[in-house]
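Heads up, the thing below is written out as structure tokens.
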Amino acid sequence: MSRMLRKLVALVLFIAGFSSTVGSQTQSVDSEGHQWWQHAVFYEIYPRSFMDSNNDGIGDLNGISSKLDYLKSLGIDAIWITPCYPSPQVDFGYDVSDYENIDPMYGTLADFDRLQQQAKTHSIRIIMDFVMNHSSDQHPWFIDSRSSRTSAKRDWYMWHDGKGSAAPNNWVSTFGGSAWTMDFKTGQYYYHYFYPQQPDLNWRNPAVHDAMFDVTRWWYKRGVAGFRLDAVDTLFEDPELRDNPVLPGLNKYGDPNEQDLYNTKLPEVHAVLRDLRKVADENNAVLIGETWTKDVNELKQYYGEHSDELQMPMDFLFTKVDRLSPPEFRRQIAAVDSAGGWPVFVLSNHDIVRSYVRYGDGKNNQAIAKLMASLYLTLRGTPIMYYGEEIGMENNDPLRKEDVKDPIGRVGWPQEKGRDGERTPMQWNDSPNAGFTRGTPWLPVPLSYKTVNVASELKDPSSTLNVYRNLLALRHQNRALLDGDYVALNENDANVLSYLRRYKNEAVLVVLNMSSQPQEVSFDLAPQGFPAKSAHTLLTTMSGESKAGSLSHLSLEPFSVYIGAVSK
Ligand code: GLC
Ligand code: CA
């Protein structure tokens, strides 16, 4: 071979090698470069409450494995499992004492591997929860750290001297009380944004950074498809420990209100997110952020200036729209839609009162649950469902302080009842404890389980569950719903929220009556390039048979949904 030819061969091999690495990093699912997570429907599982396989009253990994057929037939592509690592369970798993294992209460690593394998055969990906801001105080790292001022891991956490007999500064924990706890053995305070049993890791220490990155690699090797990053806002604190500005009044725990200026959302977090993204890209993985932001500008920053941070920061501003208000939803959807990244919608999760209760009027709750599903499952973006939402599960809040399991509910009672209400067992059927366990469930099942359960709803074609199944089936096969633009329609309508999802020559019209009154609407879609006079019905929750929707005169029942296809 001539030198020239050898050089050419080497160059071709180099390019081939390069493009195959790039390929494995991005693995787009279509010619337009969409990624797997843009077409996937995610589903959050709170493992304590999903399915109990050994009847100890607590859900477990084998329980999840036994429900993969259900999840697949519902239309789920990825499950996010909230922490199932070894933990003293002070914060029900968000206090991790070993990042590379499974808590015996949930099973073993072998159970996890089996779940992973079985999920794979169902084409369901697994997302783990990465609790990166803090560990448990029972983690060997913290046990070492607190053992002496000179211990090897002392600087893995945030130790500081007090100011005289007081804490280093005025920061309060978001779960109540000072964010500083005095450790008498070494005479210094350690910092915790959450419970005292959740000491903050010191992310300025490169050893912490490396150890935590190794954790992500360890799980990627086991086959996980990404992480939901817990409490990303809280990774860094002001090195000078300046006092936070105090605001008027007291919070629900009786502490002074503060602006979390010096202990949340520090810019340093973005460098960590960029590094995590590099490792995620090497593994075709996705990073989802628990991103509590005050506006869309703040949310935007989590995508990264060069789209090199989180692929999926959750838009919690959507959950802050606290009533069925078309103008408010319109505003919020438009804001996140134009933020430049791929929107991520959630209705509720293990920290938020269930959407069934938040939007329900007490009389039409199931209709409203279908309405809300039709909204966030037809928007441009990826939805993350919360287990039980698909059957219209309600909150089951504790009635007495002594029944509360979530510690914040005891500290904040009665103003803050804690998060037990939205974490109750999944309702599978009408047998005792809703088929979740044959033991005593760790949280009580509400009586409504007799009718609100998977088995009963599967039999009823118009149930909330079947509306979810139909919506998800539609979403998976309809190009306009997957990739189409979002175009707001009839923007002055105060009762009916309508929009078009427009993709090339096809479009889907979504019409949501958010009012308790019948409504009449009409659409002129010519300016959007669709002069059609009628739509072909894809899904409706209205009682009457309607195969075609007249665009000049569409009658809507209270809280009803109409979804139809229009073409050029
Ligand atoms: C996140 C979790 C929440 C937990 C907290 C502390 O907000 O979603 O459940 O209590 O972080 O880890
Ligand atoms: Ca169990």
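Whatever order the structure lists them in is the order used to number ligands and atoms, beginning at 1. Predicted model only: the values in this text are computed from it and were never measured.
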Considering the heavy atoms of [X], write down every atom of ligand 1 situated less than 4.0 Å from one of them.
X	value
Phe175	10 (O)
His350	2 (C), 3 (C), 8 (O), 9 (O)
His134	6 (C), 12 (O)
Arg419	3 (C), 4 (C), 9 (O), 10 (O)

Which residue holds the protein heavy atom closest to [atom], what is that atom called, and what is the gap in Å?
atom	answer
atom 7 (O) of ligand 1	Glu290 OE2, 2.7 Å
atom 1 (C) of ligand 1	Asp230 OD1, 2.7 Å
atom 4 (C) of ligand 1	Asp91 OD2, 3.2 Å
atom 9 (O) of ligand 1	Asp351 OD1, 2.7 Å

Check: Are Trp141 and Val208 close enough that some pair of their side-chain heavy atoms sits under 4.5 Å apart?
Finding: no
Side chain proximity check, Lys320 to Gln332, heavy atoms < 4.5 angstrom:
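A side-chain contact under 4.5 Å is absent here.
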Quick one about [Y] and [X] (side-chain donor to acceptor, distance below 3.5 Å, no hydrogens or angles considered), yes or no?
X	Y	value
Asn395	Asp397	yes
Ser145	Trp159	yes
Asn284	Tyr220	no

| said: Pairs of nitrogen or oxygen atoms closer than 3.5 Å, one from Arg228 and one from ligand 1: do any exist? | reply: yes
Min heavy-atom dist Arg423 to ligand 1 below 4.0 Å:
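Yes.
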Is the shortest distance from a heavy atom of Tyr193 to ligand 1 less than 4.0 Å?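 No heavy atom of Tyr193 comes that close to ligand 1.
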*Cation-aromatic face contact Arg154/Trp156, 6.0 Å, 45 degrees*: no
Distance under 6.0 Å and angle within 45° of the ring axis: does Arg125 meet both against Trp36?
yes
Test side chain to side chain contact (heavy atoms under 4.5 Å, CB included) applied to Tyr43 and Leu74, Ile81, Ile384, Ile127, the passing residue: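 Single side chain to side chain contact (heavy atoms under 4.5 Å, CB included) partner of Tyr43 among Leu74, Ile81, Ile384, Ile127: Leu74.
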